Amino acid sequence: EGISRLALRAHGAVFFQEAIYYPARVREMLELGEMVSVVAETADGELMAHCALVADTPEARVRELTYAFLDTRFKSPGVNEDISALLRESAQRLGLRAMNALAVTNHIHSQRNLLQRGFKESALLLAAGPASRSWREKDGHDPGRISNLIFVNYLHEDDEMILHVPDGHRPMVRRIFQHLERKHRFSDVSGRGLPEGPTSIHSESDFK
């Protein structure tokens, strides 16, 4: 219950995915292993900070670092660093391949924090927030919908990745993987065709 209250107190409005604002759902996510939470509390036991690793599915090997909020009434240097270190340890114990995180483009501080913790930029989501959600307005002008940067942090070295990418997209994808410093090569789709055997396709849509 304290986590949900802290989320509202820290932002003053619904900002994250709605699950975090419902204590029963928070409890369920923790019990089912959908979320691993780390909290910081005062000497009196009051929550002052929270961050979590959240999985789309319990067996997911890439999880999102999210639900990060800090009660600004408290000043405690090093709390964010301690929480990040504990979550990284949890990710390694879970055998995760990587963590990803999202930062709004006009909040430079959160982007710098992620870069300092070994994350690298991997994607830009233009106007990803709903039209009703913005940081602030100036002079009565609508600042527009919020865009997001997606960051990724690989937790260990992987074998070379084989990518099945259309020719026209290869230069862009190559630059992304070089920036992430990941070993990769492109398959010869035209000459060899796609790999045989069972496959699965994951798609995602966002009502916003």
Side-chain angles (χ1 to χ4, degrees), residues 16-17 34-36 51-68 80-81 84-85 87-131 133 135 143-208:
F16 293 95
Q17 294 291 336
E34 297 173 12
M35 181 170 75
V36 176
C51 194
L53 283 172
V54 177
D56 289 333
T57 59
E59 68 275 7
R61 293 192 62 214
V62 177
R63 296 195 177 195
E64 182 181 2
L65 188 72
T66 185
Y67 296 142
N80 287 334
E81 290 80 2
S84 296
L87 284 172
R88 186 178 180 87
E89 290 175 12
S90 297
Q92 291 171 332
R93 283 198 304 271
L94 290 167
L96 300 189
R97 182 167 173 258
M99 300 182 290
N100 61 25
L102 182 149
V104 293
T105 52
N106 59 354
H107 197 258
I108 305 299
H109 181 68
S110 60
Q111 297 169 37
R112 287 175 177 161
N113 278 339
L114 289 168
L115 290 170
Q116 290 169 358
R117 286 160 178 70
F119 285 80
K120 292 190 175 185
E121 311 94 322
S122 66
L124 173 64
L125 303 179
L126 295 173
R133 185 178 296 172
W135 282 105
R145 292 169 59 175
I146 292 174
S147 296
N148 297 305
L149 276 172
I150 294 181
F151 292 78
V152 64
N153 185 348
Y154 286 94
L155 298 171
H156 56 78
E157 288 292 331
D158 278 342
D159 294 332
E160 185 179 57
M161 299 179 66
I162 301 175
L163 307 176
H164 308 282
V165 180
D167 291 345
H169 294 167
R170 291 189 180 193
M172 176 183 65
V173 174
R174 181 180 291 111
R175 288 196 301 271
I176 292 172
F177 274 80
Q178 287 173 344
H179 176 67
L180 296 175
E181 299 179 342
R182 306 305 296 173
K183 298 177 184 177
H184 67 283
R185 65 183 173 89
F186 296 110
S187 68
D188 182 10
V189 176
S190 59
R192 189 168 55 83
L194 293 173
E196 297 179 356
T199 61
S200 63
I201 296 176
H202 174 75
S203 64
E204 185 174 316
S205 61
D206 191 328
F207 73 93
K208 296 192 294 296

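Since the model is a prediction, treat every value here as computed from it, not as a measurement. Counting from 1, the numbers follow the sequence of the chain as shown. Below, all heavy atoms of this structure are taken into account, side chains as well, without hydrogens, waters or symmetry copies.
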Taking side chain as C-beta onward, heavy atoms only, is [X] less than 4.5 Å from [Y]?
X: R185; Y: I162; result: yes
X: H184; Y: R174; result: yes
X: R170; Y: V173; result: no
X: M35; Y: R63; result: no

Response to the item:
For A127 and S147, the nearest pair of non-hydrogen atoms, with its separation, is N-OG, 2.8 Å

Item to complete: Look at atom NE2 of H109 and say whether more than 12 heavy atoms of other residues, nucleotides or ligands are closer to it than 6.0 Å.
Response: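 Atom NE2 in H109 is not crowded, with 12 or fewer foreign heavy atoms closer than 6.0 Å.
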
Discussion item. Other residues, nucleotides and ligands only: do more than 12 of their heavy atoms fall within 6.0 Å of NE2 on H169?
Written reply: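 No, not enclosed.
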
Worksheet entry | Any donor-acceptor N/O pair, T105 side chain to N148 backbone, under 3.5 Å | no

How long is the span from the [atom1] atom in [X] to the [atom2] atom in [Y], to the nearest 0.5 Å?
X: N100; Y: F151; atom1: CG; atom2: CZ; answer: 11.5 Å
X: L124; Y: I150; atom1: CG; atom2: CD1; answer: 9.0 Å
X: S122; Y: I176; atom1: OG; atom2: CD1; answer: 7.5 Å
X: L96; Y: Y154; atom1: CG; atom2: OH; answer: 13.0 Å
X: L155; Y: R61; atom1: CG; atom2: CZ; answer: 9.5 Å
X: T66; Y: M99; atom1: OG1; atom2: CE; answer: 13.0 Å

Fill in: Of all pairs that satisfy salt bridge (charged side-chain N to carboxylate O under 4.0 Å, His left out), the ones with a partner from residues 98-121, not counting sequence neighbours
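Qualifying pairs: E81-R117, K120-E181.
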
Discussion item. The test is side chain to side chain contact (heavy atoms under 4.5 Å, CB included); show your working for L53 and L65 and say whether it passes.
Written reply: CA-CA 5 Å; L53 283 172; L65 188 72; 4.1 Å; yes

Item to complete: Decide side chain to side chain contact (heavy atoms under 4.5 Å, CB included) for R182 and E157; before the verdict, give the C-alpha distance in whole Å, the side-chain angles of both, and the deciding distance to 0.1 Å.
Response: CA-CA 8 Å; R182 306 305 296 173; E157 288 292 331; 4.3 Å; yes

Discussion item. The criterion is side chain to side chain donor-acceptor pair (under 3.5 Å); which residues satisfy it with R175, sequence neighbours excluded?
Written reply: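 In terms of side chain to side chain donor-acceptor pair (under 3.5 Å), with neighbours along the sequence ignored, R175 is linked to no residue.
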
